[in-house]
Amino acid sequence: MNLFWYDWAGYIGVALVLLAFFLLQERKLEGSGLVYQSMNILGAIGVMLSLGFGNFNLSAFIMQVAWLLIGSYGIVRGVKRRRETRELP
């Protein structure tokens, strides 16, 4: 079995997403936290690379794009909330 770099990117991406979810369930991470969202975004990118350079699957790709967008939204929302908290007198 030959594994290419994009196969490893996909495996690592899946591992990141699953680990993030496990750590969330264990209350080691916060769902709105930067680490949790970053793990999800990096995981989605890894899977997207695997799909883009390996065997493409449109439905899996769409799910990863959604995962990436939702994680990005979470980061932007978290940054805005932290700014608002700092600006309060």
Side-chain angles (χ1 to χ4, degrees):
M1 179 173 165
N2 280 341
L3 293 178
F4 299 99
W5 69 268
Y6 50 83
D7 295 318
W8 285 107
Y11 291 135
I12 292 168
V14 168
L16 276 173
V17 170
L18 293 176
L19 180 61
F21 188 63
F22 175 75
L23 292 174
L24 179 68
Q25 297 307 309
E26 285 293 312
R27 298 178 190 247
K28 303 291 184 190
L29 294 177
E30 292 183 28
S32 60
L34 181 62
V35 173
Y36 177 74
Q37 299 298 345
S38 297
M39 288 175 75
N40 279 299
I41 288 172
L42 292 173
I45 291 170
V47 174
M48 288 168 49
L49 286 169
S50 178
L51 292 169
F53 289 95
N55 293 326
F56 187 75
N57 179 318
L58 182 59
S59 60
F61 189 80
I62 290 170
M63 183 171 177
Q64 297 311 310
V65 169
W67 210 255
L68 176 72
L69 293 174
I70 292 167
S72 298
Y73 169 76
I75 288 175
V76 169
R77 188 180 65 158
V79 167
K80 285 182 181 179
R81 284 188 177 173
R82 281 189 287 279
R83 280 189 192 150
E84 290 171 358
T85 303
R86 277 190 265 151
E87 292 175 359
L88 291 176

Report yes or no: do L19 and I45 belong to one cluster of Ile/Leu/Val/Met/Phe/Trp/Tyr joined by side chain heavy-atom distances under 4.5 Å? no
Just so I know, are the side chains of L23 and V35 near enough to count as touching, which here means a heavy-atom distance under 4.5 Å? no
Can you hop from L24 to M39 via hydrophobic side chains spaced under 4.5 Å? yes
With a cut-off of 3.5 Å and sequence neighbours excluded, list every side-chain donor-acceptor pair involving residues 51-74.
residue, atom, partner, partner atom, Å
N57, OD1, S59, N, 3.1
N57, OD1, S59, OG, 2.8
N57, OD1, A60, N, 3.1
W67, NE1, N40, OD1, 2.8
S72, OG, L68, O, 2.9

On a heavy-atom basis, which atom in L29 and which in A20 lie closest, and how many Å separate them? CD1-O, 4.2 Å
If I compare all heavy atoms of M1 with all of Y11, which pair ends up nearest, and what's the gap? CE-OH, 3.9 Å
In one Ile/Leu/Val/Met/Phe/Trp/Tyr side-chain cluster, 4.5 Å: L18, L16: no
Heavy-atom closest pair, residues Q37 and I75: CB-CG1, 3.5 Å
When you measure from the side chain of E26 to the backbone N and O of F21, does any donor-acceptor pair fall under 3.5 Å? no
Do V17 and M48 belong to the same hydrophobic cluster, where Ile, Leu, Val, Met, Phe, Trp and Tyr are linked whenever their side-chain heavy atoms lie under 4.5 Å apart, directly or via other members? no
Hey, what do you get for CG (L34) to CZ (R82), rounding to the nearest 0.5 Å? 6.0 Å
Are V14 and Y36 connected, step by step, through hydrophobic side chains (Ile, Leu, Val, Met, Phe, Trp, Tyr) whose heavy atoms are closer than 4.5 Å? no
Least distance between heavy atoms, G10 atom then S50 atom: CA-CB, 3.5 Å
